[in-house]
Amino acid sequence: MLHIKIGLEGIMEEMQRKVYQAAVEGNVTSLQRLLEEDKLVLDGCNSDCFAETPLHISAMLGHLEFTRKILSRKPEFAQELDFRRSSPLHLATANGHLEVVKALLFVNSDVCFAQNRDGQNPLHIAVIKGRVDVLKELVQTKPEAVLLRAERGETILHLCVKHYQLEALKFLVETIKDSGFINSEDEDGSTTLHLAVADREIEIISFLILKTAIEVNAVNSSGFTALDIALAQGRRSLKDVDIQDSLHQVGALSAEGFSSTVHRTEAVRAMNLQSNEHVIATLHSRLRRKFRRRENHRLGEKRNALMIVASLIATMAFQAGISPPGGIWQDDLQQPIAHEAGRSIMADKFPDAYRWFVTHNTTAFVASLGVILLLISGLPFKWRFSMWILMVIMWVAITESTFTYLISIYCLSSRPQRKTYIVTVVVLSVVIYGLLSILLLGHFVRLIPKIVKFATKFTTPRDRRIPRE
């Protein structure tokens, strides 16, 4: 009798092993054959006996037809939890299998409320993994599941910030239009703005303060506002500066500015009593400073690039000047071609081309040296107009270097190739000059409004403003 029992258990274990193998492969035919052999084969595959059900495996791997087949036979598997307390919906969501998610929701949508060991429901998993399309389906099916908090009291919005999921955050804020939800705090009393500032997530910060009803002066359990956190991080980079300026522009305050709720209310009221004109002027001033810092940073990068390019062109022009194409004569001869040792071979064989070569090469060399001298002179090149002049000089140097190269190739070519080469040089010259003309015209058009504004500034009387009463 004992042998019969052991034999039956072995057969059942083998059948269940085949079920799990079919789940891994997504083989619906194998599953159907096993069900025909034993209609109760799935009953022994619940999570009490195994770490996970075949539905967990099928959902995790995205086998849609296999998932539908199991759900049609055992719909209760949709709410079974594995050893991590994850449902099949958790696993399908984590891997972004949208159609499998839809199939699971159709059978049992209440699984959206199931929480794993970390207190995360499928919507939380969708946010963490950045599965925005799956998140939209889950929210549409069970929008109230959005309000569930994770293990540390984090809302789904906190998870968006922690895992830098801006698109998910935008979708949730636009869908759940509730200022209380947006200003929810975790167990440390931190709002999403606190977390975004701590992680220097400038795009999320801009979205929160400009597009939502976030409370910019909320105080966490440590007594810090978002501005306190930003100030503690210093101004080590442009990102830190942008964050602090953005918070200032929307009226963010430091916790030191008010020691109690009453003081805080009075501070906010005092800010609101300021005239609109003063507030606008302050914002404009901060924006101008911010723009000036960025402009100086860009100009610095342009100066560095110009220095590198100018040094490279000067080096090439100097090398071409002392070692012209074709080399130099090694001895003195009178016949058949009179020449002197150390003289350029190109100068004797192609005198006209050599004159053009020297002209273009010297122009490129002098232009690049001029740019280098101006950049190292210490002059404050902080205006766009001065940088534009340097750019024009560099265009000249680059163009002259191009013609130097073309002349060199012409002189080094064989006689049958020169006629074809002349046509190529003419075409390239037209293209280069045309491109330069377009660039100069475009920059000149951009400069016209600045020139007009500059001229107006000195022609407008200073007493033109109307005095206030």
Side-chain angles (χ1 to χ4, degrees), residues 52-53 55-64 66-68 70-71 75 77-178 181-182 184-187 190-192 195-196 199 201 203-204 207-208 211-212 214:
E52 52 198 358
T53 67
L55 184 59
H56 282 88
I57 298 174
S58 176
M60 179 177 63
L61 298 178
H63 298 318
L64 178 58
F66 194 93
T67 299
R68 287 174 175 169
I70 291 184
L71 289 173
F77 274 10
Q79 59 188 10
E80 291 287 344
L81 305 179
D82 62 9
F83 63 97
R84 301 185 189 88
R85 295 192 59 78
S86 294
S87 68
L89 185 59
H90 281 87
L91 302 180
T93 298
N95 290 279
H97 302 312
L98 179 58
E99 295 303 320
V100 175
V101 168
K102 290 180 179 179
L104 292 168
L105 291 175
F106 181 78
V107 172
N108 189 345
S109 61
D110 290 335
V111 186
C112 290
F113 298 101
Q115 294 177 288
N116 59 18
R117 286 185 176 179
D118 297 323
Q120 298 164 351
N121 64 17
L123 283 76
H124 297 153
I125 299 296
V127 165
I128 293 172
K129 295 294 185 178
R131 312 296 187 186
V132 180
D133 53 346
V134 176
L135 177 64
K136 291 179 180 179
E137 185 68 27
L138 295 171
V139 173
Q140 182 179 358
T141 304
K142 284 291 181 183
E144 55 270 27
V146 171
L147 303 177
L148 286 180
R149 292 174 178 262
E151 188 177 27
R152 291 175 50 83
E154 304 155 317
T155 67
I156 195 170
L157 298 183
H158 287 86
L159 295 176
C160 287
V161 177
K162 275 192 171 183
H163 298 274
Y164 198 69
Q165 299 294 343
L166 180 57
E167 293 303 317
L169 179 65
K170 289 180 178 180
F171 166 72
L172 290 169
V173 169
E174 293 169 358
T175 304
I176 313 297
K177 299 179 180 179
D178 182 6
F181 176 61
I182 295 171
S184 298
E185 302 174 351
D186 59 14
E187 65 179 17
S190 296
T191 64
T192 52
L195 299 182
D199 291 338
E201 297 176 0
E203 293 183 356
I204 290 181
F207 172 74
L208 289 173
K211 302 295 184 180
T212 71
I214 192 73

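Quick caveat: nothing in here was measured; it's all calculated off a predicted structure.
Side chain of R117 to main chain of F83: a donor-acceptor pair is present (N/O by atom type, distance under 3.5 Å, no hydrogens or angles). A donor-acceptor pair is defined here as one N or O able to donate and one able to accept, closer than 3.5 Å; such a pair exists between the side chain of H56 and the backbone of E80. H97 contributes a side-chain N or O that, together with a main-chain N or O of M60, makes up a donor-acceptor pair within less than 3.5 Å. Of the possible donor and acceptor atoms, none in the side chain of H158 sits under 3.5 Å from a partner among the backbone N and O of G153. Looking only at distances, no side-chain donor or acceptor of S86 sits under 3.5 Å from a matching main-chain atom of N116. Proximity of a side-chain donor or acceptor of D199 to a complementary backbone N or O of E201 within less than 3.5 Å is not detected.
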From CA spacing to verdict: side-chain contact (heavy atoms from CB on, under 4.5 Å), F171, V139
CA-CA 10 Å; F171 166 72; V139 173; 3.9 Å; yes
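A pairwise comparison of heavy atoms in L148 and H124 identifies O-NE2, 3.0 Å as the closest pair. When every heavy atom of F77 is checked against every heavy atom of P88, the shortest pair comes out as O-CG, 3.7 Å. When every heavy atom of K129 is checked against every heavy atom of A94, the shortest pair comes out as CG-O, 3.7 Å.
In this structure, CG in L89 is found 10.0 Å from CG in L55, a value given to the nearest 0.5 Å.
Defined by atom type and a distance below 3.5 Å, a donor-acceptor pair is missing between the side-chain atoms of H90 and T93.
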